[in-house]
Every structure is written in structure tokens, then in C-alpha cells.
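Before any comments, here is the structure.
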Amino acid sequence: MLKELNESQREAVLWCDGPQLVIAGAGSGKTRVLTYKIAYLLQQGMKPWNVLALTFTNKAANEMKQRIGRLVGQEAASQLNMGTFHSVLARVLRVEAELMGFSRSFTIYDEADSRSLLKSIVKEMALDEKQYKPASVHALISMAKNHLISAAEYAADAEVRQRDSNSRMPEVGRIFLAYEQRCRQANAMDFDDLLVMAYRLLSGHREVLEKYRQRFRYVLVDEYQDTNYAQQQIVWLLTQEHQRVCVVGDDAQSIYAFRGANIDNILNFQKIYEGARLFKLERNYRSTQRIVQAANSLIRKNERQIPKDVYSRNAEGEKLQLKQVYSDKEEAAVVCKDIKRLCRQERGDYNDFAILYRTNAQSRPFEEEMRRQNIPYRIYGGLSFYQRKEIKDIIGYFRLVSNKDDEEAMKRIINYPARGIGNTTVQKIAEAAQQGGVSFWYVISHPQECGLDVNRGTMAKIDAFRLMIEGFREKMATTDAYELGKEIVQSSGIAQDLFSGSDADDLARQQNLEEFMNGLQDFVDTRREEGREDEVLLPDFLQEVSLLTDLDSDDGSESRVALMTVHAAKGLEFPVVFVVGMEENIFPSPMACNSLRELEEERRLLYVAITRAERHCILTCAKNRWRYGKLEFDVPSRFLKDIDPSLMTIEGEDEPAGFTPIRRTERTSFPSASRFRQQQVQQVAPPATNLRRVSDALRNEPRSGAAGSAPLQEGNVIEHQRFGIGTVVKVEGTGENTKATVDFRNTGTKQLLLKFAKFKVIG
């Protein structure tokens with residue numbers, strides 16, 4: 001059985017005499033070691049019910065069980081105590097529930113249940129529901145529970161109260177107390193309670209602890225770098241006495257601090273378990289040698305880590321490629337061009353490709369470009385950009401402004417943001433419209449004629465909504481889509497609603513709003529440059545995005561390019577990986593540059609991205625992107641300086657484009673990370689304007705081609721802010737109507753109206 005393992009894997013499987021830490025580098029066969037180790041324990045006479053194997057997903061547990069079953073038989077595998085922390089501990093708590101003041105039939109609240117209860121508590125306490133959003137409050141409570149902090153401890157902590165007050169949520173402690181009480185009254189536990197109650201059960205009842213120590217005689221933990229404080233403490237309680245524990249993970253892939261994961265658990269394992277043996281799985285079976293070497297050179301820059309030398313015996317492969325482009329528009333075009341090129345050269349299919357980005361908001365230009373080029377794609381771990389709720393809400397406003405009789409749009413937005421027009425009122429409008437054979441808009445414009453039966457206060461709210469939409473409609477014929485769109489987003493209250501929260505989900509929605517406005521500005525600017533000044537209005541934009549919002553059904557059978565965040569890509573692998581948006585202000589995230597601890601996690605995140613690649617890893621960074629209604633200039637990510645330059649080829653560094661070159665500089669020093677109460681449960685996501693990190697010294701605005709410059713001629717080579725380098729094919733027209741047809745290297749042929757075009761003549 002063990003012949004299928006390499007020497008390092010075999011050593012890790014055979015040693016079972018005490019606490020054991022297995023550091024498994026990317027692609028090194030971590031699951032195989034866990035599987036064979038459990039099978040080996042059973043072969044050595046350990047009973048399957050005495051083995052406890054803890055994973056982070058049910059999928060991982062099921063896969064391991066199947067593999068073990070093939071090695072030692074399905075009957076033995078079925079008797080293993082194997083599953084996620086939550087599922088295993090839920091089974092323990094069912095048996096011991098009475099000791100914790102619950103009945104065995106307790107309910108487990110999912111996230112939706114928890115948020116619904118918190119919403120009710122906030123309402124009952126007469127608190128501002130916009131200020132105390134259920135998702136934000138739940139995130140704070142969850143993080144506290146992951147650190148085994150009770151509601152009473154939370155409410156009594158002066159530092160925590162001050163932090164919540166600074167975040168304009170001073171009553172979270174009181175909400176937490178009420179939430180804890182209501183869960184107990186309902187005989188219910190949420191997901192976090194499964195950890196908290198299990199810890200209290202084991203730490204507070206010695207006879208129960210001894211019972212489970214005897215039952216779980218060997219404990220194995222997968223993905224140990226992702227454990228939080230509560231999980232680590234539970235494992236310690238179960239294994240402190242017999243010390244038969246094997247944890248497997250990779251500190252270089254610890255990327256979930258925002259969920260409560262604590263890298264100290266794996267870094268300090270050998271201090272917590274004295275005499276623990278360290279085993280390293282350093283052979284990477286996934287990637288080419290150069291990809292592995294480049295990833296190693298990056299991660300070595302982290303100070304807090306367990307040293308290892310991951311290597312590959314696969315083909316040497318090509319170096320990492322860094323492609324410096326002019327804009328997110330050219331970035332998407334370059335990536336799509338490379339996908340088609342590699343498909344032809346290597347006879348691959350679209351399933352071989354993944355585009356990884358730091359935030360979901362970055363998917364928009366890639367989705368749009370792949371639609372244009374008929375490249376099928378699939379969004380993993382999230383919705384397509386134009387299917388996200390906040391984007392559909394904005395488009396709902398645009399649709400109603402453009403077409404006042406759009407019934408579905410009105411139903412979507414008449415009470416968003418909340419303005420006191422409830423479902424009952426909407427139903428009355430619908431009935432009046434159906435009876436009269438008219439549109440919703442006609443009903444709210446002629447309520448008496450249509451017999452709309454609502455009280456005076458509700459009618460005033462409907463009128464205010466109608467007048468707001470009419471005000472937008474009056475400007476539709478004279479105001480471009482970006483300016484009108486910006487007014488709609490601000491005046492309707494959408495911006496205020498999206499920026500009223502500050503948890504991770506709120507930040508994602510804010511980024512999506514910002515990216516949507518970037519796309520809207522780009523739409524207007526591009527049309528003007530192309531001489532289509534009469535096609536920059538709101539209805540023109542809606543026509544442009546209609547195909548993007550009408551997504552094809554995806555039954556999973558068609559080969560598609562994968563688009564996902566780096567977080568969603570963990571555990572996956574692809575022959576070709578693009579890591580896009582490698583710029584300061586994006587990767588690392590500006591929200592993660594406050595401490596060395598945060599910055600090192602961002603570097604680990606890039607390490608995870610690079611090590612997803614089997615044969616090709618292509619990085620891209622853009623010179624400028626639309627932000628806050630204008631083109632802003634960024635510099636390449638500081639992490640690019642950390643990669644050994646002999647292992648990376650750089651395209652674009654020799655272009656006369658004003659790029660800031662990637663120079664090797666001394667590392668910046670950052671203050672050390674603060675304690676949990678100061679850092680772990682803190683509010684993030686300041687207004688988007690505070691996220692800007694653009695240096696004025698980097699600005700190098702191209703001149704308009706028609707403003708005081710020499711006449712453009714056929715054969716000239718120009719540098720355009722968004723389209724990149726191109727050759728002038730033809731110049732026609734005179735004065736303000738002068739147009740140039742330009743063949744751009746990566747973005748195709750464009751016709752530019754020179755009075756609006758921003759470019760430089762470089763040859």
C-alpha cells in the first residue's frame with residue numbers, strides 16, 4: 001500500500017508515536033498522506049470509531065472516506081468519525097445537550113436564521129436598522145464567538161464598547177446578550193455555537209472530556225492553517241493527555257484571517273505540543289519547476305513562516321510572464337488574445353484556463369470582452385457582474401427612467417432603498433393596473449382615475465417616488481449616461497444605502513458599485529472618442545448591457561474559462577492561470593496594508609494564486625483604470641518586486657509608455673499586528689474615496705491629439721490611454737470632424753474622433 005508514496009509522504013504516514021505537524025507545500029499530496037495515514041492506523045489495529053478526522057468541507061471528508069474505503073474496505077471507512085468540525089461537534093452535542101441546558105432536538109440556525117433573528121432584535125430595541133445591519137452585527141458576534149468570548153464578556157469589555165461606539169454601533173453588546181438569550185429560549189444553536197458549546201462542554205465537564213478522549217484516541221486535522229482559536233482549543237482539550245494528534249496544512253496558504261482563521265495555530269504547534277515532530281512534504285506534483293521556484297521566491301519574503309524548500313521534478317517550463325498594459329480594457333483584450341493563442345498552440349480547451357482576481361468587482365471587463373469575442377466563461381463562487389443584486393437594482397432604476405412603463409423594473413425599485421411603500425401597496429397598484437389594462441406608471445400617475453386605494457401618507461410616498469423618476473427622465477435627452485447615472489445613484493439613496501455598512505459583504509457591494517460607475521464612464525468616453533456623441537445616453541447604455549445581463553444558461557457541459565477570486569481558487573488547479581490587476585491599490589488590497597501581519601497574508605494570497613498554475617502563469621497590471629469618474633494611474637504591485645527577476649519575463653517595460661518600472665527596492669517596514677480586541681473584530685471599508693493611493697507624481701496625462709500638436713498622419717504610431725499602442729491606418733475629415741482609423745496591437749481597429757481622443761504620437 002505504501003509503495004505509492006514518496007519517501008517524505010511515507011515517513012509522515014508511518015510515524016504515529018506522538019504529536020505530528022505535516023507541512024504540505026502546494027500540490028504535494030496532502031490528501032493522499034491523510035488518507036494513507038488513516039488506512040495505516042486501521043491496518044495496525046486501531047478501531048475505526050477511535051479515529052477522529054476533522055476537515056473543513058463535507059466534500060473533503062466524503063472524498064477521503066471513499067479513498068480510505070478503497071484501501072481498507074467500505075465497512076471500516078463508514079465507521080470512522082470523519083467530517084467537518086461543525087458536523088462532528090453537532091453529533092457530540094446531540095448526545096450531551098442536557099448538560100448545556102438544551103434538549104437533544106435543538107435546532108441549528110443557519111446564517112439566514114441568525115440574521116433574521118438579529119433583525120427582529122434590532123427592531124424590537126428601536127435601533128436604526130440601517131446602522132445595525134444584521135450582516136454587520138452577525139459578523140461581530142461571530143468573530144467574538146470564534147475567540148470564545150461570551151455575550152456577557154463582550155458587553156462588559158470597555159475596549160470593545162469603545163470600538164463599537166467609534167463604528168457608530170454602541171449597542172452591539174446589548175444585541176449580543178439578547179441574541180444569546182433568544183437562541184437559548186428557542187432551543188437553538190447557530191454554527192458558531194457548535195464550537196462554543198462544544199468547548200464549554202469539554203472544558204467544564206471532566207467526565208465528558210475523559211469519555212471523548214477515550215473515544216477519539218487518534219485525532220487528525222486537515223487544513224490546520226485555517227483553524228480559528230475555538231477549533232484549536234477543542235483539539236487541544238481532546239489531545240492534551242494522549243498527544244496522538246496529526247495536523248496537516250501549509251502556513252504559506254493561510255488566507256482566511258477575515259473569517260477568524262489564526263495562522264499562529266500552525267506556526268506555534270511545536271511550542272504548544274512539546275516534542276512534536278515536523279514533517280515536510282516539499283515535492284510539488286502540480287506545477288513546472290519555474291512556477292514553483294517563482295512562488296518560492298515570493299513567499300520567502302514573509303518573516304513569519306515555517307521554512308521549506310518546495311521543488312518540482314516536472315518539466316522546467318516557461319518563466320512567469322508579466323504583461324504591463326495600458327488599461328483594464330486592454331488587460332481584458334490581452335488575456336482573451338492569450339487564451340485563444342494557447343488554445344491553438346497547445347490544442348487545449350477553455351476548461352484549461354482560469355482568470356484570478358483580488359475582488360469580484362474586477363470580473364466586469366473580462367466578462368464584457370469574452371462576450372465580444374464569444375469565449376464562454378463561468379463565474380465560480382459568485383454571480384456574474386450584471387447579475388449581482390446591487391447592479392440589478394441600479395439597472396432597474398435606469399430601465400424605469402428610460403421606459404416608465406417597465407413593470408418589472410418598477411416592482412424591483414419602488415421600495416428600494418426603503419421608502420415605506422410595502423408589498424401590500426405594490427399589490428394594490430398591480431390590481432389597479434390589471435383591472436384598468438394600464439401600466440403601473442399610469443396607475444401611480446392617475447391614482448384616483450384608477451381607483452388606487454391607499455391612504456394619504458402612502459400616496460405622498462408614491463408621489464415623491466414618481467416625481468423623482470420624472471426628474472431623472474427630464475434630463476435623459478440632454479445628460480450623458482454617466483452624469484445621469486451618477487445622479488440617479490446618489491439622489492435615489494442607493495449610494496447611501498450601500499455605504500452605510502462596513503462588513504466584508506458591504507465592501508464587496510461598494511466595490512461593485514464603483515466598478516459599475518467605472519464601466520459607465522468608460523462607455524461614454526469611448527463612444528465620444530469614436531465620434532458617436534449622439535449615442536452616449538442612458539437608453540444607449542441599456543442597449544449595450546442588455547446582452548450582458550441576459551446570461552446564457554450554464555448546464556456545466558460546455559467548456560468554459562473559469563473566473564474567480566483567488567480565495568475561491570484555493571484547492572483548485574488549472575493548466576493556465578492569469579492573475580490580473582497586479583497593482584498597488586488592488587493587490588495588495590488597500591484594506592490590508594495596516595500591519596505586517598495583514599500584508600503577509602496578502603503575499604500568501606498571491607502565492608496561492610501562482611501555485612494554482614500547472615504550465616503557464618501570466619500576471620497582468622494596468623497603467624490606468626477608471627476610478628471615481630476619471631482615469632487614475634497606478635504603479636505595479638510591490639509583490640512583483642518580491643519575485644526573482646530571473647524567473648519572470650516582463651512585457652511592456654521597454655515601451656515608451658510612462659510606466660513606473662519595477663525596481664528592486666528595500667522592503668517597507670510596518671507596525672506589528674494589534675491584539676484581537678483592537679484588530680480582529682473591527683469595522684472596515686471606509687468610503688471609497690479613502691481607498692485612493694495614487695501619487696500625483698505618476699500622472700502623465702496624454703494630450704488630446706487635436707490640441708496644438710502636429711497633424712496626425714498615416715503611419716504614425718500612437719499611445720492611447722485605454723487602447724494601448726496602435727498604428728494610424730487612415731486620417732479623414734477636417735477641423736473638429738477629423739477622424740483617425742487606428743489599428744491597435746491588442747484591442748483591434750478603432751475609429752477615433754480626434755477632438756476627444758487622448759493619445760500621444762510616439763513614432
Is the count of non-hydrogen atoms from other residues, nucleotides or ligands lying under 6.0 Å from [X] atom [atom1] greater than 12?
{"X": "Gln185", "atom1": "CD", "result": "yes"}
{"X": "Arg168", "atom1": "CZ", "result": "no"}
{"X": "Lys475", "atom1": "NZ", "result": "no"}
{"X": "Gln373", "atom1": "CD", "result": "yes"}
{"X": "Gln448", "atom1": "CD", "result": "no"}
{"X": "Asn423", "atom1": "CG", "result": "no"}

Any side-chain heavy atom of [X] within less than 4.5 Å of one from [Y]?
{"X": "Glu330", "Y": "Ser327", "result": "yes"}
{"X": "Arg722", "Y": "Tyr326", "result": "no"}
{"X": "Val438", "Y": "Cys450", "result": "yes"}
{"X": "Lys404", "Y": "Tyr442", "result": "no"}
{"X": "Glu331", "Y": "Gln362", "result": "no"}

[X]/[Y] ion pair, N-O < 4.0 Å:
{"X": "Asp393", "Y": "Lys389", "value": "yes"}
{"X": "Glu483", "Y": "Lys486", "value": "yes"}
{"X": "Arg259", "Y": "Asp226", "value": "no"}
{"X": "Asp540", "Y": "Arg527", "value": "no"}
{"X": "Asp497", "Y": "Lys130", "value": "no"}
{"X": "Arg528", "Y": "Asp480", "value": "yes"}
{"X": "Arg388", "Y": "Glu390", "value": "no"}

Using a 6.0 Å distance limit plus a 45 degree cone around the ring axis, check whether Lys570 lies over the aromatic ring of Tyr256.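 No cation-pi geometry.
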Exam field: side chain [X] to backbone [Y], donor-acceptor pair closer than 3.5 Å:
{"X": "Glu487", "Y": "Phe472", "result": "no"}
{"X": "Ser136", "Y": "Tyr132", "result": "no"}
{"X": "Gln131", "Y": "Leu127", "result": "no"}
{"X": "Arg161", "Y": "Ala155", "result": "yes"}

Residue pair Thr747, Lys329: steps toward the side chain to side chain donor-acceptor pair (under 3.5 Å) verdict: CA-CA 8 Å; Thr747 50; Lys329 183 185 288 288; over 6 Å; no
Hey, could you give me the [atom1]/[atom2] distance between [X] and [Y], rounded to the nearest 0.5 Å?
{"X": "Ser637", "Y": "Glu584", "atom1": "OG", "atom2": "CD", "answer": "5.5 Å"}
{"X": "Phe353", "Y": "Phe578", "atom1": "CZ", "atom2": "CZ", "answer": "6.0 Å"}
{"X": "Glu367", "Y": "Ile379", "atom1": "CD", "atom2": "CD1", "answer": "4.0 Å"}
{"X": "Ile121", "Y": "Leu118", "atom1": "CD1", "atom2": "CG", "answer": "5.5 Å"}

For a quick test of reading the model, state the closest non-hydrogen atom pair linking Asn512 to Asn360 and the distance between them. OD1-C, 4.2 Å
Looking only at heavy atoms, the pair that brings Ser492 and Val489 closest together is OG-O, 3.5 Å
Indicate whether any N or O donor in one side chain lies under 3.5 Å from an N or O acceptor in the other, for Tyr377 and Glu369. no
Are a donor atom and an acceptor atom from the side chains of Asp506 and Gln510 found within less than 3.5 Å of each other? no
Please work out which of the three classes, parallel, tilted or perpendicular, describes the rings of Tyr179 and His138, given edges at 30° and 60°.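 Answer is perpendicular, since the angle exceeds 60°.
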Please work out which of the three classes, parallel, tilted or perpendicular, describes the rings of Phe516 and Phe398, given edges at 30° and 60°.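 Rings of Phe398 and Phe516: tilted, as their planes differ by 30° to 60°.
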Which residue, Arg182, Lys145, Arg184, forms the salt bridge (Lys or Arg N to Asp or Glu O under 4.0 Å) with Asp190?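 In the set Arg182, Lys145, Arg184, the residue that makes a salt bridge (Lys or Arg N to Asp or Glu O under 4.0 Å) with Asp190 is Lys145.
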Show your reasoning for whether salt bridge (Lys or Arg N to Asp or Glu O under 4.0 Å) applies to Lys411 and Glu407. CA-CA 6 Å; Lys411 285 193 291 189; Glu407 177 181 320; 3.5 Å; yes
